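For reference, the structure is listed below as C-alpha cells.
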Amino acid sequence: MSEPAWWPIGIAISSFKDAQSDGQLRTSYGRSVLWEFESLQKPEGWHSLPEDGHVWGQWDTEINTVETLSISSQGLVLLLNSKVKAVIHPTHRGDDVSRLSRYEPWKKALQDQPILLPIGGWSVDGNDRVLLFPSHTAIPFDSQEPTVLEMVNKLGAIHSSLESFTTPNTERRWNDRLKDVEDKLKTKTMWRAPHSTSTLGLPRLHLSLDSIVEVDGERMFLPLSRSLSEHLLCESDRLPSLATLMMLEHQWARKQGLSEQQRHDVLKAWSSSVPWAWSSRSALSTVKGGAWVWRYHATILELAQAKAFGDEETVKACEQWLRDVSRLQAHLGALRLWKSGQWVGITGLAVSFFSWRLATLTEGQSLVLALLSLGVGIATNVIYRLKDPKPY
C-alpha cells in the first residue's frame with residue numbers, strides 16, 4: 001500500500017505501518033504524534049465526543065454523511081452533512097489556528113476581516129487535530145496580478161487589526177530559526193539580520209494563496225496550521241507581517257517568476273493597508289534584513305517542506321534561488337566596509353579634538369583634520385545608504 005499524500009516520504013525514518021502502530025512519526029527533522037483519525041472518515045466516528053483533549057465550539061455529533069474532499073500535505077478535508085468542512089491533521093502541528101477563535105480578543109479583532117475563522121475543533125496537548133469551518137467555496141489560485149494584489153492588501157488589513165497585540169522585535173529568535181533550518185538542511189547559505197525596531201511580532205497567521213475561499217461573494221483567507229517541517233524544525237515564534245507577505249510573494253514567484261516592478265507592486269499594495277512604521281524605509285532596508293531576509297526565510301522553509309514530501313522540482317527551484325541570493329549577500333558584505341567609514345570619521349574627530357586640547361597639533365591643523373574626518377564620515381554614510389539594495 002502506497003503512503004498517503006500527508007505522509008512525509010522524504011524524511012520519514014519509521015515505516016508507515018510502524019508509525020500507525022506506535023503512534024509516533026519519526027523523521028530526520030524530529031518526531032511528532034500520529035493519531036488514529038480513520039474513524040472520522042465515517043459518520044459513526046462523530047457520534048460521540050473524543051475522550052481526551054479539549055473539544056471546543058460547534059461540535060455536532062449528529063453527522064449523517066462524511067465526504068473526503070481532498071488529501072494533501074496539509075492533511076484531509078472532509079465535508080460533514082454537506083455543509084461543514086472539517087480539516088484533519090493526522091500528525092500534531094501546534095494550535096495556531098484554533099487560538100485565533102478560542103482567544104476572545106483576537107477573535108473580536110478579526111471578526112470583520114477577510115479571514116474565515118474555525119467555528120469548532122478538537123485539540124490535544126496544544127495541537128489542533130480537527131478544525132471545523134462553516135460552508136465555503138475553495139477558490140483555485142489563478143496567478144493573476146489583480147488577485148494577488150487584492151489578497152496582499154487584505155493581508156495587510158488582517159495584520160493591522162492585530163496591531164494592539166504586537167510584541168517587540170525578537171531579532172535573536174528570528175535569526176535562531178534561520179540557523180535551525182540551515183543546520184538541518186545543510187545549506188551553503190547563512191543569513192543573520194539586525195532587524196529594525198519597527199519590525200514587530202504578531203500572533204501567528206499561516207496564510208496561503210492556495211488557501212483562498214469565497215463566502216457570500218467575498219474572497220478571503222482560510223488560515224492554515226503551520227507546515228509539518230516548520231513545526232518540527234522551528235520554535236513557535238511570532239513573526240512580523242512582512243514575513244507572511246514574503247511567503248505569499250514567494251508563492252506567486254514560484255508560479256511564474258516576478259519582475260522587479262511586480263515585487264514593488266506587492267510591497268506597495270501591502271504598505272497601503274498596514275501602519276506606516278511597518279513599511280518604513282528602516283523596516284524595509286536590506287542592510288537590516290528587510291524584505292530580502294524574509295524572502296530567504298520563505299525559501300528555506302519551502303525547501304524544508306519540499307524535501308519532507310519528496311518534491312524534487314521545488315527542491316531544485318529553491319536551491320537555485322539560494323545560489324542566486326549569495327550574490328546579494330556578497331554585496332551586503334562589501335557595504336559593511338563603507339559602514340566602517342563612519343567609525344573612521346568619528347575616530348578622526350576624536351583625535352582632532354584631543355590633539356587640539358593637548359596642543360599636539362595647531363588649531364588650524366586640528367580643524368583641517370576634523371573637517372576631513374567629518375567629510376569621510378558623511379561621504380561613507382551617504383554611499384552606504386545609496387548602495388542599500390532595493391527591497392524589491
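Position 1 is the first residue of the sequence, and the numbers go up from there. The structure displayed is predicted, hence computed values, not measured ones.
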Contacts of W278 that satisfy ring-ring contact (aromatic ring centres under 6.0 Å, His included) - sequence neighbours left out
none

May I ask you to decide if S196's main-chain N or O and N169's side chain share a donor-acceptor pair within less than 3.5 Å?
yes

S282 and K288: side chain donor to acceptor below 3.5 Å
yes

Starting from the C-alpha separation in whole Å, work towards a yes-or-no answer on side chain to side chain contact (heavy atoms under 4.5 Å, CB included) for F133 and I119.
CA-CA 6 Å; F133 291 91; I119 57 175; 5.9 Å; no

Answer yes if the ring centres of W35 and W122 are under 6.0 angstrom apart, and no otherwise.
yes

In sequence, state the C-alpha distance, the side-chain angles, and the governing distance for M220 and I115, and then conclude on side chain to side chain contact (heavy atoms under 4.5 Å, CB included).
CA-CA 5 Å; M220 56 180 60; I115 181 171; 5.7 Å; no

Any idea which heavy atoms bring P114 and I158 closest together, and the distance?
O-CD1, 3.6 Å

Ignoring hydrogens and geometry, is there a side-chain-to-backbone donor-acceptor pair from N175 to A193 under 3.5 Å?
yes

Heavy-atom nearest pair, V274 first then S160, reads CA-OG, 3.2 Å

For D142, the side-chain hydrogen bond (donor to acceptor under 3.5 Å, both in side chains) test, sequence neighbours excluded, returns T147

Using the side chain to side chain contact (heavy atoms under 4.5 Å, CB included) criterion, which residues pair with E104? Sequence neighbours excluded.
K107

With sequence neighbours left out, which residue pairs that include part of residues 221-243 fulfil the ring-ring contact (aromatic ring centres under 6.0 Å, His included) condition?
none

Which atom names give the shortest non-hydrogen contact between T197 and L200, and what distance separates them?
O-CD2, 3.5 Å

Please report the interatomic distance CG(D180) to CG(L178), rounded to the nearest 0.5 Å.
9.0 Å

Roughly how far, to the nearest 0.5 Å, is CG of D311 from NZ of K316?
10.5 Å

May I ask you to check whether H195 and W174 place their ring centers less than 6.0 Å from one another?
yes

Just checking, any donor-acceptor pair under 3.5 angstrom between side chains of D18 and S15?
yes

Any idea which heavy atoms bring R99 and W106 closest together, and the distance?
O-CE3, 3.7 Å

When you look at S39 and E44, which way does the side chain to side chain contact (heavy atoms under 4.5 Å, CB included) test go after all the steps?
CA-CA 7 Å; S39 62; E44 296 77 22; over 6 Å; no

Interatomic distance, CG@N153 vs OG@S273, rounded to 0.5 Å, equals 4.0 Å

Could you pull out all donor-acceptor pairs under 3.5 Å where a side-chain atom in residues 299-308 meets a protein atom, sequence neighbours excluded?
| residue | atom | partner | partner atom | Å |
| --- | --- | --- | --- | --- |
| T299 | OG1 | R295 | O | 2.9 |
| E302 | OE1 | H250 | NE2 | 2.4 |
| Q305 | OE1 | S229 | N | 3.3 |
| Q305 | OE1 | S229 | OG | 2.7 |

Side-chain donor/acceptor of H159 to backbone N/O of A157, under 3.5 Å
no

Decide side-chain hydrogen bond (donor to acceptor under 3.5 Å, both in side chains) for W56 and S101; before the verdict, give the C-alpha distance in whole Å, the side-chain angles of both, and the deciding distance to 0.1 Å.
CA-CA 10 Å; W56 60 276; S101 289; over 6 Å; no

Which is it for D237 and T170 under the side-chain hydrogen bond (donor to acceptor under 3.5 Å, both in side chains) test, yes or no, and what are the steps along the way?
CA-CA 9 Å; D237 299 310; T170 52; over 6 Å; no

Any idea which heavy atoms bring P8 and L25 closest together, and the distance?
CG-CD2, 3.9 Å

The side-chain hydrogen bond (donor to acceptor under 3.5 Å, both in side chains) partners of S14 (sequence neighbours excluded) come to none

Once side chain to side chain contact (heavy atoms under 4.5 Å, CB included) is applied, do any residues pair with S135, and if so which ones, sequence neighbours excluded?
none

E230 vs R177, side chain to side chain contact (heavy atoms under 4.5 Å, CB included): CA-CA, chis, key distance, verdict:
CA-CA 9 Å; E230 182 179 357; R177 82 175 356 236; 3.2 Å; yes

Under the side chain to side chain contact (heavy atoms under 4.5 Å, CB included) test, residues paired with S271 that sit two or more places apart
S279

Spell out, as yes or no, whether a donor-acceptor pair under 3.5 Å connects the side chain of R129 to the backbone of H89.
no

Qualifying residues under side chain to side chain contact (heavy atoms under 4.5 Å, CB included), relative to T189, sequence neighbours excluded:
T187, Y296, L322, V325, S326, Q329

R31: what forms a side-chain hydrogen bond (donor to acceptor under 3.5 Å, both in side chains) with it, not counting sequence neighbours?
none

Could you give me the CA-CA distance, side-chain angles and deciding distance for E260 and K390, then say whether salt bridge (charged side-chain N to carboxylate O under 4.0 Å, His left out) is met?
CA-CA 9 Å; E260 183 177 298; K390 294 178 182 178; 3.8 Å; yes

Roughly how far, to the nearest 0.5 Å, is CG of L239 from CE of M246?
13.5 Å

Establish, from distance only, whether the side-chain atoms of H206 and D96 form a donor-acceptor pair under 3.5 Å.
yes

How about F37 and W6: are their ring centroids closer than 6.0 Å?
yes

Over all heavy atoms of both residues, which pair between L40 and W46 is shortest? Give the atoms and the distance, please.
O-NE1, 2.7 Å

A277 backbone acceptor or donor facing S198 side chain under 3.5 Å
yes

Does the side chain of D128 come under 3.5 Å of the side chain of S225 through a donor N or O and an acceptor N or O?
no

For a quick check under 3.5 Å, do R26 and S32 share a side-chain donor-acceptor pair by atom type?
no

Within the supplied structure, the quantity of interest is the number of heavy atoms (other residues, nucleotides, ligands) at a distance under 6.0 Å from L367 CG; does it exceed 12?
yes

Pair R254, T314: side-chain N/O donor-acceptor within cut-off below 3.5 Å:
yes

If you count the non-hydrogen atoms of other residues, nucleotides and ligands that lie under 6.0 Å from CD in Q58, is the total more than 12?
no

Is there a donor-acceptor contact under 3.5 Å from the side chain of E36 to the main chain of E38?
yes

Tell me whether E313 at atom CD has more than 12 heavy atoms from other residues, nucleotides or ligands lying less than 6.0 Å away.
no

Here the gap from L224 atom CG to R226 atom CZ, rounded to the nearest 0.5 Å, amounts to 12.5 Å

Determine yes or no for a side-chain-to-main-chain donor-acceptor pair under 3.5 angstrom, with K85 supplying the side chain and P134 the backbone.
no

side-chain hydrogen bond (donor to acceptor under 3.5 Å, both in side chains) partners of K154, counting only residues at least two apart:
E150

For residues 59-80, please give each side-chain donor-acceptor pair under 3.5 Å, one per line with the distance, not counting sequence neighbours.
| residue | atom | partner | partner atom | Å |
| --- | --- | --- | --- | --- |
| D60 | OD1 | E62 | N | 2.8 |
| T65 | OG1 | N81 | N | 3.4 |
| S72 | OG | Q74 | N | 3.2 |

